[in-house]
Amino acid sequence: MAGEARRLWWTLYGLLLVACTCWTLAMPLATGPDEAAHMARAAAVVRGQIGGQPYKGPFAWVRVPKEYAEADGSCFLGNPRQRWPGFRPEPVTADCETMGHGSGDATVLTSQHRGQPFYYFVVGLPSLVTSAELGAYLMRLVGAVGCCALLASAFVSLLRMPGRRSLVLAAGVALTPAAIYLASVVNSVGIELAASFGVWSAGLALVRGVGVVPARVVHRMGLALVVLTLSRGLSPLFALVALAALAVLADRSRLRDLVRRTDVRAWLATGIAAAAVSGAWTLHVRSKYVEPEWPGSSLGKAFGDVPWWTREMIGVFGSTDVVPPLAVHLLWLGAAVALVVAAWRAGARLEVRVAGVLALLGFATLVSGQAYGIPQSGYWWQGRYVLPLIVGALLVAGARSRPISRRTQTGISAVVVGGHIWMFAYAVRHYTVGYNGAANPFDYLLHPVWSPPVPPLVLVLVTIGAVVAVAKVLARALDQADESDTATTPSTPEDDRTLVPATVP
């Protein structure tokens with residue numbers, strides 16, 4: 001029912017936004033991946049400097065308020081994986097400042113001039129109203145608002161699917177702490193990931209749902225597709241791969257019915273137009289700016305980076321300097337493997353094969369980019385660059401028709417809920433007491449060296465409540481959907497009841 005779907009959407013949206021807001025407040029400003037450069041770009045784009053003035057190497061000049069021109073989170077830097085000669089992590093201090101001071105504008109070099117400007121225009125709007133710290137926090141919050149809306153829509157789309165339990169579990173595994181973190185700082189990867197969730201979730205509801213698909217699901221898919229296409233350089237390719245994979249998973253007659261729909265055609269046309277705009281921007285950048293070149297490393301070195309890239313996809317924060325213990329990464333990876341194994345045992349052969357191709361394509365892109373500079377990024381490659389493909393792989397692996405065992409559900413849910421809480425608390429510790437600071441929770445929660453705007457203890461407790469509440473809301477929605485199915489067709493065997501059309505949109 002539409003009313004129930006709206007209430008569920010608002011509930012999930014509110015809880016996800018609370019969790020993202022906790023990340024937004026807990027992390028010092030300008031400490032996200034290249035966040036100072038992203039903030040300068042956002043402040044410049046909203047002032048009409050779409051790309052900035054070209055400069056030699058991978059930089060461009062922009063003129064922005066002095067606070068953003070002097071933004072620098074390096075005083076919180078721990079021990080990043082990519083270090084420079086003579087680097088020494090400094091102990092954090094209570095007066096560690098990340099934003100500039102003074103009025104007026106200043107000119108600064110930014111390395112983030114190449115990406116599509118649309119995300120930066122939106123998140124840069126608060127800088128027109130207020131600058132300095134409040135403006136930077138509002139930049140983060142504006143990005144989180146958009147990301148959480150896309151994520152809430154993705155979960156609601158999955159809840160009307162056959163085999164919804166395994167799909168929701170797959171979405172939980174795909175929504176890693178790294179994804180929530182990136183949605184909470186100024187970085188266009190966050191909106192790219194949230195949009196990819198929307199494309200894959202609503203897309204699966206379109207091609208694998210039962211009965212006539214409501215127009216709202218088509219609109220969710222179309223909007224997410226356009227946002228994804230306009231997010232980053234590789235985003236149009238990710239969108240194209242998603243459409244191709246969904247076509248492979250679709251029944252031929254269902255695919256024909258979808259293509260005949262006016263709303264589907266309208267959104268496809270809009271997506272094509274967005275891809276043309278995105279492509280035109282990329283051509284413009286290559287013609288106007290000096291593109292940095294990554295010389296490439298050896299193939300062996302690139303393959304050796306695969307474990308690190310996997311950890312980055314799950315949860316590595318800051319400038320690769322906030323790295324939670326390996327145990328939580330292994331547990332999360334184990335949950336992903338359990339999901340795929342369960343799908344294979346349930347006979348979802350096509351789904352597992354498509355998921356394998358998507359994962360292989362993602363890691364092959366990382367390896368070829370790192371080893372040979374194909375595609376060329378200008379910098380060393382990071383695991384988050386191909387997360388939209390990994391998100392698709394996990395969701396496709398969850399697109400099975402038979403229920404997943406209660407034991408597997410419980411184990412995966414525990415890892416996801418516990419992993420989000422564990423990694424958030426670890427990141428809070430890193431920033432409140434510094435790299436290699438006190439491990440005693442009472443020290444960094446009650447007596448921090450640096451404190452965020454909201455006390456760290458409050459942020460951790462609110463995050464725990466939000467994560468647990470999201471899990472409970474989804475579990476209740478799944479139970480209600482199953483009860484509705486059973487009431488509609490009481491004679492349906494238990495193992496097959498999720499094949500019945502879901503009445504929860």
Side-chain angles (χ1 to χ4, degrees), residues 13-14 16-18 20-25 27-53 60-73 98-108 110-153 180-195 198 223-224 226-232 235 274 277-278 281 285 453:
Y13 173 66
L16 289 168
L17 187 56
V18 166
C20 282
T21 301
C22 288
W23 275 101
T24 288
L25 296 174
M27 307 301 105
L29 294 171
T31 59
D34 303 312
E35 190 174 19
H38 285 287
M39 288 194 300
R41 172 78 190 286
V45 168
V46 79
R47 288 168 172 80
Q49 303 168 69
I50 305 302
Q53 293 300 316
W61 290 107
V62 294
R63 191 163 183 81
V64 295
K66 192 174 181 180
E67 295 92 340
Y68 298 106
E70 297 178 354
D72 182 9
T98 59
M99 301 297 294
H101 298 280
S103 59
D105 295 342
T107 302
V108 64
T110 177
S111 60
Q112 298 301 320
H113 60 287
R114 297 178 300 157
Q116 283 83 337
F118 309 101
Y119 163 82
Y120 296 99
F121 178 82
V122 175
V123 299
L125 290 172
S127 72
L128 296 176
V129 180
T130 179
S131 55
E133 290 190 357
L134 178 59
Y137 278 120
L138 289 175
M139 277 188 182
R140 286 180 168 183
L141 188 58
V142 167
V145 165
C147 291
C148 291
L150 289 164
L151 293 174
S153 295
I180 293 293
Y181 168 73
L182 290 167
S184 308
V185 297
V186 183
N187 193 309
S188 55
V189 174
I191 196 70
E192 180 187 47
L193 290 178
L223 179 61
V226 171
V227 173
L228 174 60
T229 303
L230 296 174
S231 296
R232 288 168 59 85
S235 298
V277 171
S278 188
W281 172 258
V285 167

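Throughout, numbering of the chain's residues begins at 1 and tracks the sequence.
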Asks: Where do Met99 and Leu29 come nearest, in terms of heavy atoms and distance?
Replies: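 Heavy atoms of Met99 and Leu29 come nearest at CG-CD1, 3.9 Å.
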Asks: Roughly how far, to the nearest 0.5 Å, is CD1 of Ile180 from SG of Cys147?
Replies: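 Reported to 0.5 Å precision, the distance equals 8.5 Å.
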Asks: With a 3.5 Å distance limit and no angle check, can you tell me whether Trp281 reaches the backbone of Gly115 through a side-chain donor-acceptor pair?
Replies: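 Present.
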Asks: Has Thr24 got a side-chain atom pairing as donor or acceptor with Cys20's backbone, closer than 3.5 angstrom?
Replies: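 Checked: pair present.
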Asks: Classify the angle between the aromatic ring planes of Trp23 and Tyr181 as parallel (below 30°), tilted (30 to 60°) or perpendicular (above 60°).
Replies: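 Rings of Trp23 and Tyr181: perpendicular, as their planes differ by over 60°.
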Asks: Over all heavy atoms of both residues, which pair between Met39 and Ala136 is shortest? Give the atoms and the distance, please.
Replies: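 So the two residues come closest at SD-CB, 3.7 Å.
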Asks: What is the minimum heavy-atom distance between Leu16 and Ala152, and which atoms define it?
Replies: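 Heavy-atom minimum between the residues: CD1-N, 3.9 Å.
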Asks: Determine yes or no for a side-chain-to-main-chain donor-acceptor pair under 3.5 angstrom, with Ser278 supplying the side chain and Thr229 the backbone.
Replies: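 The answer is yes, because a donor-acceptor pair under 3.5 Å joins these two groups.
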Asks: Would you give the length of the straight line joining atom CD of Gln49 to atom CZ of Arg41, rounded to the nearest 0.5 angstrom?
Replies: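 Output value for this atom pair is 10.5 Å.
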Asks: Please name the pair of heavy atoms, one in Gly124 and one in Val46, separated by the smallest distance, quoted to 0.1 Å.
Replies: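 Between these two residues, the closest heavy atoms are O-CG1, 3.5 Å.
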Asks: Which heavy-atom pair separates His38 from Pro33 by the least distance, and what is that distance?
Replies: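 For His38 and Pro33, the tightest heavy-atom pair comes out as CD2-O, 3.4 Å.
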Asks: Going by the salt bridge (Lys or Arg N to Asp or Glu O under 4.0 Å) test, which pairs reach into residues 116-143, not counting sequence neighbours?
Replies: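 Applying salt bridge (Lys or Arg N to Asp or Glu O under 4.0 Å) to every pair that reaches into residues 116-143, excluding sequence neighbours, yields Glu35-Arg140.
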Asks: Between Ser127 and Ala43 (side chain of the first, backbone of the second, donor and acceptor by atom type, cut-off under 3.5 Å), is there such a pair?
Replies: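 Looks like no, no N/O pair under 3.5 Å.
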Asks: Taking Thr110 for the side chain and Ala40 for the main chain, is one N or O donor matched with an acceptor at less than 3.5 Å?
Replies: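 No; zero donor-acceptor contacts below 3.5 Å.
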Asks: Report all side-chain donor-acceptor pairs from residues 60-68 shorter than 3.5 Å, counting only partners two or more places apart or in another chain.
Replies:
from	atom 1	to	atom 2	distance (Å)
Arg63	NH1	Thr107	OG1	2.8
Arg63	NH2	Asp105	O	3.4
Glu67	OE2	Ser131	OG	3.2

Asks: Working to the nearest 0.5 Å, report the span between OG1 of Thr98 and CG of Asp72.
Replies: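 Answer rounded to 0.5 Å: 8.5 Å.
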Asks: State, to 0.1 Å, how close Leu230 and Gln116 come at their nearest heavy-atom pair, and which atoms those are.
Replies: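 Between these two residues, the closest heavy atoms are O-CB, 3.3 Å.
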Asks: Is Val145 close to Leu17 at the side-chain level, that is, under 4.5 Å between some pair of heavy atoms?
Replies: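 When only atoms from C-beta onward are counted, Val145 and Leu17 do touch, with a gap below 4.5 Å.
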Asks: Taking only residues two or more places apart in sequence, or in another chain, which ones meet Tyr13 in a ring pair (Phe, Tyr, Trp, His ring centres under 6.0 Å)?
Replies: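 Tyr13 satisfies ring pair (Phe, Tyr, Trp, His ring centres under 6.0 Å) with Trp9, Trp10 only.
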Asks: Could you tell me if Arg232 and Ser188 have a donor-acceptor pair between their side chains, going purely by distance under 3.5 Å?
Replies: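 Short answer, yes.
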Asks: I need the single residue from Phe118, Tyr119, Phe121 that forms a side-chain contact (heavy atoms from CB on, under 4.5 Å) with Val45. Which is it?
Replies: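 Going through Phe118, Tyr119, Phe121 one by one, the side-chain contact (heavy atoms from CB on, under 4.5 Å) with Val45 is satisfied by Phe121 alone.
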Asks: Would you sort out whether Ile191 and Val227 count as a side-chain contact (heavy atoms from CB on, under 4.5 Å), showing the intermediate values?
Replies: CA-CA 8 Å; Ile191 196 70; Val227 173; 3.8 Å; yes
